[in-house]
Amino acid sequence: MISSLVRRAALTHNDNHFNYEKTHNFKVHTFRGPHWCEYCANFMWGLIAQGVRCSDCGLNVHKQCSKHVPNDCQPDLKRIKKVYCCDLTTLVKAHNTQRPMVVDICIREIEARGLKSEGLYRVSGFTEHIEDVKMAFDRDGEKADISANIYPDINIITGALKLYFRDLPIPIITYDTYSKFIEAAKISNADERLEAVHEVLMLLPPAHYETLRYLMIHLKKVTMNEKDNLMNAENLGIVFGPTLMRPPEDSTLTTLHDMRYQKLIVQILIENEDVLF
């Protein structure tokens, strides 16, 4: 069954997962002076709220025209004020990268000097230092310095990475796919459960899928050093379950009820990353 899953994944995994479409983030706007719609080229009449403007790329169109504009938003870096708390697809489109640079830079640093650190990802770093790293990324982007010279404690870097995922307005495992992942985790047959998880993975937006894939490859490396860091896939599932997936409704009861399934999903993703991605 596993080999058939691998074969099918290879056949069905198309280029769409690296073709990052992004919808425009239109908001009603009052234009000063004459303006023309950039979709239909007709004049925008009125004194106030004549149309809408994309707050990510600056495209100006009639409100009616906004329904017909293709998902071709190319965010302007000048409009992206920060790295943390920014929509994932918006960030990678603005920087023209496959994944958020925070993820790449933090993982590179952790793999260079932290894989054998006991309690990696479980042990917390100082909150104020983690906030410093966050501010460094927001201020300096890919030039942020998170080297051992400035942050010798690797738990500060793991903390900054976890905070990035927690701060995403739409989690890595999106609200739209959350319930499908939870239902997949409830399947008792291991092969059928793996198949179901694979099918839901294919529903993730491309930038979310690619970031999750890269993170799972990294976490698999963490488990390969379990003898030193004492972190296996189940332990990492406990840490990353609520970090990577949140229920659409802000319900403490749902969160508590789903915690074991969140843990199980991340555990499955780590243990089977070579098959699932």
Side-chain angles (χ1 to χ4, degrees), residues 77 80-92 94-173 207-208 210-246 262-263 266-267 269-270 273:
L77 266 177
I80 308 298
K81 305 293 184 197
K82 53 193 175 180
V83 171
Y84 278 67
C85 304
C86 177
D87 172 70
L88 192 149
T89 303
T90 301
L91 188 70
V92 296
H95 288 271
N96 195 28
T97 55
Q98 276 192 326
R99 297 171 297 272
M101 99 282 264
V102 177
V103 176
D104 279 11
I105 294 170
C106 286
I107 285 179
R108 197 158 57 234
E109 193 68 25
I110 293 160
E111 291 187 355
R113 60 182 172 100
L115 286 178
K116 295 184 186 299
S117 177
E118 186 175 324
L120 190 67
Y121 285 112
R122 182 179 54 76
V123 177
S124 300
F126 286 118
T127 305
E128 57 267 36
H129 292 165
I130 291 169
E131 283 294 324
D132 285 347
V133 173
K134 173 182 175 176
M135 285 192 291
F137 276 117
D138 281 342
R139 184 183 63 244
D140 305 325
E142 60 189 18
K143 293 184 178 140
D145 186 355
I146 61 167
S147 66
N149 294 335
I150 301 178
Y151 302 107
D153 181 5
I154 199 64
N155 299 311
I156 293 164
I157 311 305
T158 59
L161 182 61
K162 288 186 293 182
L163 180 62
Y164 173 75
F165 290 128
R166 283 198 304 273
D167 277 356
L168 284 172
I170 300 172
I172 287 285
I173 290 176
H208 286 245
E210 168 57 20
T211 305
L212 186 62
R213 182 191 72 82
Y214 191 74
L215 177 64
M216 291 306 125
I217 291 170
H218 163 64
L219 293 181
K220 186 70 170 277
K221 290 178 188 171
V222 173
T223 66
M224 288 162 70
N225 288 272
E226 183 191 350
K227 188 163 63 75
D228 296 300
N229 61 37
L230 308 180
M231 296 300 287
N232 58 26
E234 186 178 1
N235 294 337
L236 289 168
I238 293 168
V239 173
F240 276 96
T243 301
L244 300 179
M245 54 195 302
R246 305 191 291 272
Q262 292 174 349
K263 179 211 80 169
V266 175
Q267 184 178 342
L269 292 176
I270 295 169
E273 59 81 19

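- One finds the CG atom of Leu269 at 13.0 Å from the CZ atom of Arg213 (value rounded to the nearest 0.5 Å).
- Between Leu120 atom CG and Thr223 atom OG1 the span is 11.5 Å, to the nearest 0.5 Å.
- Residue Ile270 holds its CD1 atom at 13.5 Å from NZ of Lys221, rounded to the nearest 0.5 Å.
- Contact annotation: the side chain of Val133 never approaches that of Leu163 to less than 4.5 Å [non-hydrogen atoms, C-beta and beyond].
- With a 4.5 Å cut-off on side-chain heavy atoms, Gln262 and Val266 do not count as touching.
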- Task: List the steps, then state whether side-chain contact (heavy atoms from CB on, under 4.5 Å) holds for Ile157 with Arg113.
- Result: CA-CA 11 Å; Ile157 311 305; Arg113 60 182 172 100; 3.8 Å; yes

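- Going from atom CD of Gln98 over to atom OH of Tyr214 covers 10.0 Å, rounded to the nearest 0.5 Å.
- Relative ring orientation between Phe165 and Phe240 is described as perpendicular, the plane-to-plane angle rising above 60° on a 0-90° scale split at 30° and 60°.
- By the neighbour-count criterion of 12 heavy atoms within 6.0 Å, atom CD of Glu111 is densely surrounded, having more than that number from other residues, nucleotides or ligands.
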- Evaluate side-chain contact (heavy atoms from CB on, under 4.5 Å) for Leu230 paired with Arg122, printing each intermediate quantity in order. CA-CA 10 Å; Leu230 308 180; Arg122 182 179 54 76; 5.7 Å; no

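- Counting only distance, with no hydrogens or angles, the side chain of Arg166 and the backbone of Pro242 share no donor-acceptor pair below 3.5 Å.
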- Check against side-chain contact (heavy atoms from CB on, under 4.5 Å), Val239 and Lys162: CA-CA 9 Å; Val239 173; Lys162 288 186 293 182; 3.8 Å; yes

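- Atom OH of Tyr121 is separated from atom CD1 of Ile154 by 8.5 Å, given to the nearest 0.5 angstrom.
- A 4.5 Å side-chain heavy-atom check between Cys106 and Phe137 finds at least one atom pair inside the cut-off.
- In this structure, the side chains of Leu88 and Arg99 stay at 4.5 Å or more apart for every pair of heavy atoms.
- Between the side chain of Asn229 and the backbone N or O of Leu115 there is at least one donor-acceptor pair closer than 3.5 Å.
- Taking CG of Leu236 as the reference point, atom CD of Glu226 lies at 9.0 Å (rounded to 0.5 Å).
- Here the side chains of Pro171 and Leu244 are not in contact, with every heavy-atom distance at 4.5 Å or above.
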- Between Thr211 and His208, does a side-chain contact (heavy atoms from CB on, under 4.5 Å) hold up when you go through it step by step? CA-CA 5 Å; Thr211 305; His208 286 245; 5.9 Å; no

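- Checked by atom type and distance alone, the side chain of Asp138 pairs as donor or acceptor with a backbone atom of Tyr84 at under 3.5 Å.
- For the side chain to side chain contact (heavy atoms under 4.5 Å, CB included) with Thr158, the qualifying choice from Val222, Asp153, Ile110, Ile107 is Ile110, the only one to do so.
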